[in-house]
Engineer: 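I am attaching a structure below and will ask some questions about it afterwards.
Here is how names work: the chains are called A, B, and so on, in the same order as the sequence lines, proteins then strands, and each is numbered from 1.
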Number of protein chains: 2
Amino acid sequence: MGKDVRVARQARGTDGGTASKILDVAERLVQLRGFNGFSYADVAEELGISKASLHYHFAGKAELGEALIERYASRFTGSLDEIETRPIDARAKLAAYAKLYGDVLRRKRMCLCGMLAAEYQTLPKPMRSAVVSFFDDQEAWLVGVLDQGREEGTLRFSGSASEAAQVIVGGLEGAMLVTRPYGDPARFQIAADHLLASFAADAPARVS
Amino acid sequence: MGKDVRVARQARGTDGGTASKILDVAERLVQLRGFNGFSYADVAEELGISKASLHYHFAGKAELGEALIERYASRFTGSLDEIETRPIDARAKLAAYAKLYGDVLRRKRMCLCGMLAAEYQTLPKPMRSAVVSFFDDQEAWLVGVLDQGREEGTLRFSGSASEAAQVIVGGLEGAMLVTRPYGDPARFQIAADHLLASFAADAPARVS
DNA sequence: GTCTATAACGAGATAGAC
DNA sequence: GTCTATCTCGTTATAGAC
């Protein structure tokens, strides 16, 4: 493996190095407790290293936060690409998309960017931009699926594909948000199924 | 006005006294920044009083938080009662319900309990219970409206009314959550309209 | 009911040795 | 890369005067 690849993986926190482990722990803590609900001390203790070492890898909490979103978004993009490679129709792609959210919830976590959306007003500017970009990316991918589904006849919706994509992202994030206090994944599934059904073409259109 | 009423109003923060003003400021700060995103110092400075005075009215942040949810839930219940008095069908009641959320969002705020749901894992136990109770109350009211709508033929949905209520609460909370970073209320409205339409009976049923 | 003062703790961050 | 030690500041909370 060339040095460039190694450096790139390290920067992205995809290898098994310390930076990667820091991101793993911090990511879980943010998804569970929020960006304002964890500290460098929490991460350091869990990894058995000092707070000072954290600052070597990530200058400050803001930079750590940026790296968290970047890696999370990158992984999500990877999952979306993988779904695109499957020989399935658009409706099934939508179901696979919803399952990504369900997988996060089954690990007792909130979507990283959904959590950060709640804390949006307290975030440093670079993190804010990254959160919005995450949602933009999600919706751009969904627009492609929705257009495909409308063409092939598996999906049906009124308004623009962009609007429909916003409805889907909001619906899934909200289902995660409200489900977590109840600790019952079935609750999420009901909302997700309803949402998907409201875009399916195999039932008569209902959204005027 | 009798002493009992006065004491009760004071306890609930519905009069214009100091406790009420503290709740007003704290409520806005939590809805904007989250429970872990504001401090006693923030509230004290805005009101021009000392932090120590805050502790006279609310022993600690946890007690302030409980009082916040209690008052918020109580006001919300009042709004639901008011909707119930209107001579309108269930579908219109559902639209009025969604408008309550839209009103919050137009003030740039997140639903108090939606915000607290994100921070759920970091909340003191009494606050957690109060948050869950809030959602339970919302859904109980919605169940009544949904049953009415199904009987009178203005609403249509598959599954139990309870499940439908969960879908509605999650959908509205999620639309608020994702809309706020964009600062565009129209985004919320699109999601809310879609949600309402998916339960309306004037279009053919689509949720299997 | 409100104040000043301060305690007690935790947060993010830095210096400099190893 | 990682450490110990330290700094500075913010946060919650309390004591006690007025």
Engineer: So, OP1 or OP2 of D/dG1: does either fall under 4.0 Å of a side-chain N or O from A/Tyr56?
Structural biologist: yes

Engineer: State, without any angle test, whether A/Asp136 and A/Ser133 hold a side-chain donor-acceptor pair at a distance under 3.5 Å.
Structural biologist: no

Engineer: Going by side-chain hydrogen bond (donor to acceptor under 3.5 Å, both in side chains), name the residues that satisfy it together with A/Ser160, two or more places apart in sequence or in a different chain.
Structural biologist: none

Engineer: Ignoring backbone atoms, test whether B/Ser53 places a side-chain nitrogen or oxygen under 4.0 Å from the OP1 or OP2 oxygen of C/dT2.
Structural biologist: no

Engineer: For D/dT2, does either OP1 or OP2 sit under 4.0 Å from a side-chain N or O belonging to A/Thr18?
Structural biologist: yes

Engineer: Please pick, from C/dA13, D/dT4, D/dA13, the nucleotide with the shortest atom-to-atom distance to any side-chain atom of B/Lys51.
Structural biologist: D/dA13

Engineer: A/Tyr40 near the nucleic acid: base, sugar-phosphate alone, or nothing, with a heavy-atom cut-off under 4.0 Å?
Structural biologist: sugar-phosphate

Engineer: Would one find a side-chain N or O of B/His55 under 4.0 angstrom from OP1 or OP2 of D/dA15?
Structural biologist: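 Checking B/His55 against D/dA15: no side-chain N or O falls below 4.0 Å of OP1 or OP2.
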
Engineer: With a 4.0 Å cut-off on heavy atoms, is B/Gly17 in touch with a base, just the backbone sugar-phosphate, or nothing at all?
Structural biologist: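 Nothing: the residue B/Gly17, judged by heavy atoms under 4.0 Å, touches no strand.
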
Engineer: Contact class for B/Ser39 (heavy atom, under 4.0 Å): base, sugar-phosphate, or nothing?
Structural biologist: sugar-phosphate

Engineer: Start at the 5' end of DNA chain C and walk down; is the nucleotide closest to A/Asp42 or to A/Ala59 reached first?
Structural biologist: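 Between the two, 5'-proximity favours A/Asp42.
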
Engineer: What is the minimum heavy-atom distance between A/Asp24 and A/Arg75, and which atoms define it?
Structural biologist: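 Between these two residues, the closest heavy atoms are OD1-NH2, 4.2 Å.
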
Engineer: Can you say whether the rings of A/Phe76 and A/Phe134 are parallel (under 30°), tilted (30 to 60°) or perpendicular (over 60°)?
Structural biologist: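 It falls in the perpendicular class, over 60°.
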
